[in-house]
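Note that this is a predicted model, so its numbers are computed, not measured. Letters A, B, ... are given to chains in the order of the sequence lines, protein chains preceding strands, and every chain is numbered from 1.
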Amino acid sequence: MAELKLTNVGKTYGGKVEVLKDINLDIKTGELIVFVGPSGCGKSTLLRMIAGLEKITAGTLEIDGFKVNDVPPSERGIAMVFQSYALYPHMTVYDNMSFALKIAKKSKEEIDEAVRRAAGILQLDNLLDRLPKELSGGQRQRVAIGRAIVRDPKVYLFDEPLSNLDAALRVATRIEIAQLKEAMPNSTMIYVTHDQVEAMTLADKIVVLADKGIAQVGSPLDLYETPDNEFVAQFIGSPSMNLLPGKISGTGARTEVDITGHGTAYSDIATQDADKGRDVKAGIRPEDFRIAEEGEDYILHATVDYVERLGEVTLLYFVPEGDADPLIAKLPGIHQGLRGEIVRLTADPSKVHLFANGQSLRR
Amino acid sequence: MHPAIQAVLTVGIAVIAAIGYFYLSNLLLDRVLFPARGKNAGRNINRANMIRPWIFLFPALFALGLYLAYPVIETIRLSLTDRVPGGYEWAGVDNYVQMTGDPKFWEALRNNFFWLLVVPGLSTLFGLIIAQLTDRLKWGSVAKSIIFMPMAISFVGASVIFKLVYDYRPAGEEQIGILNAVYLALGGSEPQAWLTIPGLNSFLLMVVLIWIQTGFAMVILSAALRGIPEETIEAAIVDGANPFQIFFKIKVPQIMPTIMVVWTTITILVLKIFDIVFAMTNGQWGTQVLANYMYDKLFRSNDWGVGSASAMVIMLLVLPILIWNVRQARKEMR
């Protein structure tokens, strides 16, 4: 039961280097919020500010309606799981998990019950007497989560908890975290990652951070289907969205865009007459491209430079002149003999995004 | 020739000789003994590479043998023999029996024990506290440099400094020793000859070594404290630990192996302590220690037998701690 409210939160180091500004965010009880963004965007800093490990230099942070800017971490009702697990190397698993409760001077019985319960949830029962160095990476991560659970916090903070695990373990632990969340529907969780698969699969709501601020907040599918700006459009989805420069040539409920050097794109995003002639970029996800039928209008008309056949899908790469990123089309199934061929691609108007000056034209 | 020029010259010759040794010996190996050409080139390269480590090891092995192994064996021999005109005669354990009958020996052993209890513990403790207190300070490195400085002073130099600190002038004269000056200023009745007061004087000698060794402990422990993963400390902060709990329950246990290495290193030094006692009291007034006792016997009484016997006692006391220390340090490195 915890609501977080961030109002105009900012972070400046030494009065000079600004890393975050004007962060406004409402987090509701029981939500799992994921902060994503490229490295260096300040997502971990924001999490550490919520934890109280970094000072908030501007704005206010409220937990359950109380301003906690100057409340020490241990009194904020939060628990944090660190990227490196941060287990105390000289303590057994049991002592690691009970440390916070001992500090809080809880009774022996209470501590024991809390630790055993958390160990049960995380299947650590047999490992309680081990030292961290005797555990595998996945087990260490579970102990780190267990250390958070025993404190029964209002808010769980996860700082890239899976990035030190190998790929297989990462998937398994990701599912465990999802199950943990389901088992504790009233706990609010904030999760930082740079891995968009983690973000898409775990999040109730994703916060995309870029350029010192929030680029967009929304459910995973919102971000995928209706990105607010080019950054989010390209950050969410893999391979990332193709952006094709062009000019608006027809307006109305269905907008017509002349793609520079290619064909014509139609988008369901409505535009005004005044928009005619405006420079825009048409955004089309690789998976939304399809091969245009004979005589049909096409968006892209280009030679396939190379092909990646992944079995379930085939990726076609078109390398434009200059140093622009290649355009990619993802066609379902297996396609043979397309390399070096000229293909014409089109996409459903409902799947064509339009951006002007980096912002979506969708209102 | 001016002694300084002489010294520089000596250093220069030594450096050139060292470089020359490695250069020429490798040259000899590769060009003359096992040249990497002809029909046995491959075999020769392998053989040269088998011998090469020994070329590099030889100077160290030679010096260790000459200055360490040989003296140990010679000391054992001397401790079991008596010097008689024109040679030596076998004495068995007579020297050891004679030594254990000497009350000065027991005084020295007892004092060594007290040094052992006080100096390593206090040096390590002060070093740890200072390392922690200066860790996050802006001027911390300045403070640490100043505290480390006594390490650069020789034991005899430090002894001279502290002899002045403890200096005694008869009542009525101006006291130049700061201890007496402070003592009188705080209402002491008359100046004290500090170094002649049994019990206290040993402790005053220990202060000198603590003063020197605290810097050593501080530097090592400060590095160890820096090596503690920051996230474990942050985790403890989130867990609600206060600064004292973080220090004693999170930091100290994590650097315990280093603390033990520092403690044992100083312990070994204390067991061998000689210069300070020699320069300040020469073992009078109940301050005798084993090393100074050995020196007394060897070079003042010319009793090589008993002197060597006491040297063996020191070695036997140091050895177990030394072995433990080396093992611990190796474990650290892994």
Side-chain angles (χ1 to χ4, degrees), chain A residues 14 44 47-55 71-92 95-106 111 131-133 140 143-161 164, chain B residues 124-125 127-129 131-132 135-141 217 220-264 324-325 327-334:
Chain A
S44 281
L47 189 79
R48 291 165 57 81
M49 284 158 76
I50 295 172
L53 293 169
E54 297 272 357
K55 208 171 159 41
V71 175
S74 57
E75 288 161 33
R76 291 188 182 192
I78 51 108
M80 186 149 169
V81 176
F82 291 85
Q83 180 174 359
S84 68
Y85 324 132
L87 300 181
Y88 310 127
H90 55 289
M91 295 185 194
T92 62
D95 290 339
N96 260 287
M97 286 165 68
S98 60
F99 184 72
L101 301 180
K102 275 184 196 151
I103 294 286
K105 300 219 159 56
K106 293 268 189 328
I111 293 174
L131 286 173
K133 66 179 173 199
R140 284 180 206 181
V143 176
I145 295 170
R147 202 164 59 176
I149 292 177
V150 291
R151 297 185 51 207
D152 194 20
K154 292 189 279 192
V155 185
Y156 288 82
L157 306 175
F158 293 92
D159 189 5
E160 307 215 15
N164 281 5
Chain B
T124 312
L125 182 70
L128 184 61
I129 291 171
Q132 167 68 17
D135 198 28
R136 298 282 163 92
L137 288 180
K138 264 201 185 129
W139 47 277
S141 53
I220 309 276
L221 294 174
S222 168
L225 283 176
R226 291 269 166 90
I228 296 176
E230 187 66 22
E231 286 197 335
T232 62
I233 293 159
E234 289 180 341
I237 293 173
V238 173
D239 275 347
N242 65 37
F244 285 99
Q245 288 166 326
I246 289 174
F247 183 66
F248 287 110
K249 294 189 172 164
I250 304 297
K251 286 185 167 181
V252 169
Q254 287 196 61
I255 62 167
M256 208 42 165
T258 312
I259 292 177
M260 290 314 289
V261 167
V262 169
W263 188 84
T264 46
W324 190 85
N325 181 296
R327 283 211 181 143
Q328 204 65 20
R330 280 205 187 143
K331 228 192 272 174
E332 275 285 272
M333 268 187 263
R334 256 180 243 140

So CD of B:Glu230 and CZ of A:Phe82: to nearest 0.5 Å the spacing works out to 9.5 Å

Under 4.5 Å to a heavy atom of chain B? For A:Ile78 that would be both

Cut-off 4.5 Å, heavy atoms of chain B, and the answer for A:Ala79 is backbone

Where is the tightest heavy-atom contact between [X] and [Y], given as atom of each residue plus distance?
X	Y	result
B:Asp239	A:Ser74	C-CB, 4.3 Å
B:Glu231	A:Ala86	O-CB, 3.4 Å
A:Pro89	B:Gln254	CG-OE1, 3.2 Å
A:Tyr88	B:Thr232	CE2-O, 3.3 Å
A:Met91	B:Lys249	CE-O, 3.7 Å

Using modelled atom types only, decide if a donor and an acceptor are shared between the side chain of A:Arg151 and the backbone of B:Val238 within a distance under 3.5 Å. yes

What I'd like to find out is whether the side chain of B:Glu234 reaches to under 4.5 Å of the side chain of A:Arg48, using heavy atoms alone. yes

One option among A:Glu75, A:Arg147, A:Arg76 has the most heavy-atom pairs under 4.5 Å with chain B, and it is A:Arg147

